[in-house]
Colleague: 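Quick one: the structure is below, questions incoming.
When reading the values below, keep in mind they use all heavy atoms of this one structure, side chains included, and skip hydrogens, waters and symmetry mates. These figures come from a predicted structure and were not determined experimentally. We count residues from 1, following the sequence as given. Every number for a ligand or one of its atoms is a count from 1 in the order of the listing.
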Amino acid sequence: MDKRGSSILSQSLWKEALSIFPGGVNSPVRAAVKPYPFYVKEGKGAYVITEDNKKYIDFVLGYGPLILGHAYPYVKKNIFNQIDKGWLFGIPSKVEIELAKKISSHMNSIEKIRFVNSGTEATMNAIRLARGFTKREKILKFDGNYHGAHDYALVDAGSAAMEFGIPNSLGIPEQVLRTVNVCTYNDLTCVENILKKEDIAAIIVEPIMGNMGVIPPQKDFLSGLRELTKTYGSLLIFDEVITGFRVSISGAQGYYGIEPDITTLGKIIGGGFPIGAIGGKRQIMDFLTPSGKVFNAGTFNANPISMIAGLSTIEVIEKENVIHKTSQSAKEIADELDKIGTPHVVNRVENMLQIFFGVSSVKNAEDARKANKELYNKFQLKLLDVGIFFPPSQFETVFTSLAHDENVMQEAIEGIKKAKSEFN
Ligand SMILES: Cc1ncc(COP(=O)(O)O)c(C=O)c1O
Ligand SMILES: N[C@H](C=O)CCC(=O)O
């Protein structure tokens, strides 16, 4: 196994990929790996192993879902058992009730839930549900928040939309754009001004921003949103696709003690398989079909593989003190990064972190855009050289997993030290 060496196989796969996929990939952030993406043949614990037999410590972890690391044995065993029994029925199976109850037992705001197949579907349906429930059309989101790849979300969006310079996608009808209001994250004055002027069905927010790097909410921001939405009759949607079962077992809502009206989930609750979920109080959720008239359906909704993978993952999170352990590892990484000579700031909430060069604080998307992205990219490449895979974009999050144990962390810290010495 090699850290540097040749990447000849990945290079030739990339050539083929460019001829068959737009931009060579099936999700844009993957094309941000320079000079071309490495092709992974195996994920094992905290590591990914490439077609060229290079081995990287993985701090991307599928962009968040793999909080236990790759191919965690207990999850794998349960998935294999389910595969033996079949993997798609188009009729209900017991495991969907088990996962729903498990999620609801950890999140007080969730009395009922609907499983879908991605975070994108979750936020799209949550917004529709909020509109149907309130009989209002407009929504409010925040600059740099990313809620997936549907029309109502691709307005001033973070993540790859920001990385590739298209926070506002082409192809979205004017009528749709007119229904989406945008405020600066952490700016309650902007929120109140809009709520006063417009009939807003819902505010949708990442309770911790994880798609412009990591940006925590300032004290009183989330509670302010809760109060304002109550005052003006709007719903509050927490998009916990990243933070759910990551920053605490009860998500950001438990972490900060704020109950949203609707929660969207994804990533970890599918244990690495495609998933999304919309959850909330009974009287809101019952607006969804077939009990209500807000339509949602899906061939793969609540498919048993995602259900069992998610359920098994949450069981391990409950038993193995996963949030605490992963947060400790993230703290070690953040502390080591913080000793870098170049001016920077490191933002961290528990097991999510990111470094921004050339700025002294990052409190919103505008601050993140001012960070020196070229330096970040240069540092990310230095890390790759020493066998560490950080997100290839300033606007993504560094995640840790249970598999980042003492030995892996020692290797990671040594690698970061080496990368820093070559970087400064
Ligand atoms: C906060 C947030 N919401 C929604 C999404 C969309 O999820 P998916 O990629 O599963 O569609 C993502 C990530 O992609 C996300 O980070
Ligand atoms: N930031 C995105 C989700 O959180 C990254 C995943 C993707 O767009 O492929």
Side-chain angles (χ1 to χ4, degrees), residues 21-33 37 40 58-67 115-127 139 141-164 166-167 169 185 202-217 237-247 251-253 260 262-279 298 300-301 303 306 309-310 349 351-352 354 365 368 389-399:
F21 303 124
V25 287
N26 287 285
S27 192
V29 71
R30 298 173 200 179
V33 181
V40 172
D58 186 6
F59 286 99
V60 176
L61 295 163
Y63 290 93
L66 300 175
I67 193 165
F115 288 117
V116 290
N117 298 292
S118 65
T120 295
E121 280 182 57
T123 63
M124 185 180 76
N125 282 288
I127 289 170
I139 62 160
K141 77 175 284 287
F142 294 92
D143 181 17
N145 277 203
Y146 179 72
H147 304 294
H150 59 83
D151 285 2
Y152 295 97
L154 290 174
V155 181
D156 290 343
S159 189
M162 189 64 69
E163 174 67 23
F164 289 92
I166 35 165
S169 172
Y185 196 70
I203 295 180
I204 182 163
V205 64
E206 282 185 77
I208 298 161
M209 280 177 76
N211 284 291
M212 285 298 287
V214 175
I215 308 180
I237 305 173
F238 270 13
D239 182 355
E240 297 230 41
V241 165
I242 288 181
T243 52
F245 293 89
R246 176 166 281 285
V247 293
Q253 53 196 267
I262 300 177
T263 301
T264 52
L265 294 165
K267 299 205 190 241
I268 287 177
I269 64 154
F273 284 78
I275 191 110
I278 309 124
F300 298 105
N301 283 6
N303 78 81
S306 300
V349 182
N351 45 27
M352 305 168 55
Q354 187 51 293
F389 181 39
F390 260 32
S393 159
Q394 173 74 85
F395 304 126
E396 302 291 347
T397 291
V398 177
F399 295 109

Colleague: Please find the pair of heavy atoms, one from F399 and one from L61, that lie closest to each other, and give the distance.
Modeller: O-CD1, 3.5 Å
Colleague: Could you check atom 3 (C) of ligand 2 against the protein and tell me its nearest heavy-atom contact, residue, atom and distance included?
Modeller: K267 NZ, 3.0 Å
Colleague: Between ligand 1 and D239, is the shortest N or O to N or O distance under 3.5 Å?
Modeller: yes
Colleague: So is K267 touching ligand 1 or not, going by heavy atoms under 4.0 Å?
Modeller: yes
Colleague: Run F115 and I278 through side chain to side chain contact (heavy atoms under 4.5 Å, CB included) and show every step you take.
Modeller: CA-CA 7 Å; F115 288 117; I278 309 124; over 6 Å; no
Colleague: For ligand 2, does S159 get within less than 4.0 Å through its side chain, its backbone, both, or neither, judged by non-hydrogen atoms?
Modeller: side chain
Colleague: What do we get for Y146 next to ligand 1 when only non-hydrogen atoms under 4.0 Å count, side chain, backbone, both or neither?
Modeller: both
Colleague: N/O to N/O below 3.5 Å, does that happen between Y63 and ligand 2?
Modeller: no
Colleague: Would you say Q354's side chain and E396's backbone share a donor-acceptor pair under 3.5 angstrom?
Modeller: yes
Colleague: Quick check for you: to the nearest 0.5 Å, what is the distance between Y185 atom OH and D143 atom CG?
Modeller: 12.0 Å
Colleague: A side-chain contact here means heavy atoms from C-beta on lying under 4.5 Å apart; do I275 and N117 qualify?
Modeller: no
Colleague: Provide the number and element of each atom of ligand 2 under 4.0 Å from a heavy atom of V29.
Modeller: 7 (C), 9 (O)
Colleague: Do any N/O atoms on Y146 end up under 3.5 angstrom from N/O atoms on ligand 2?
Modeller: no
Colleague: Ligand 1 versus E206, non-hydrogen atoms closer than 4.0 Å: side chain, backbone, both, neither?
Modeller: side chain
Colleague: Check the pair D239, T123 against side-chain hydrogen bond (donor to acceptor under 3.5 Å, both in side chains), reporting the backbone distance first and the verdict last.
Modeller: CA-CA 7 Å; D239 182 355; T123 63; 5.3 Å; no
Colleague: Would you kindly say whether N211 and N145 are connected by a side-chain donor-acceptor distance under 3.5 Å?
Modeller: no
Colleague: Could you check E121 against N301 for side chain to side chain contact (heavy atoms under 4.5 Å, CB included), going step by step and ending with a plain yes or no?
Modeller: CA-CA 10 Å; E121 280 182 57; N301 283 6; 4.1 Å; yes
Colleague: Under a 4.0 angstrom heavy-atom cut-off, which atoms of ligand 2 come close to N211?
Modeller: 1 (N), 2 (C), 3 (C), 4 (O)
Colleague: Under 4.0 Å, heavy atoms only, figure out whether ligand 1 is touched by the backbone of N211, its side chain, both or neither.
Modeller: side chain
Colleague: How far is atom 11 (O) of ligand 1 from the closest protein heavy atom, and which atom is that?
Modeller: T120 OG1, 2.6 Å
Colleague: side-chain hydrogen bond (donor to acceptor under 3.5 Å, both in side chains) for E206 and T243? Distances and angles first, verdict last.
Modeller: CA-CA 8 Å; E206 282 185 77; T243 52; over 6 Å; no
Colleague: What are the atoms of ligand 1, with element, lying closer than 4.0 Å to any heavy atom of S118?
Modeller: 10 (O), 11 (O)
Colleague: Within a distance under 4.0 Å of any heavy atom of I242, pick out the atoms of ligand 1 and give their elements.
Modeller: 16 (O)
Colleague: Quick one: are I203 and I139 in side-chain contact, heavy atoms under 4.5 Å?
Modeller: no
Colleague: Among all protein heavy atoms, pick out the one at the shortest distance from atom 10 (O) of ligand 1; state its residue, atom name and that distance to 0.1 Å.
Modeller: G119 N, 2.9 Å
Colleague: If you have a sec, work out which protein heavy atom is nearest atom 7 (C) of ligand 2 and how many Å separate them, to one decimal?
Modeller: S27 OG, 3.5 Å
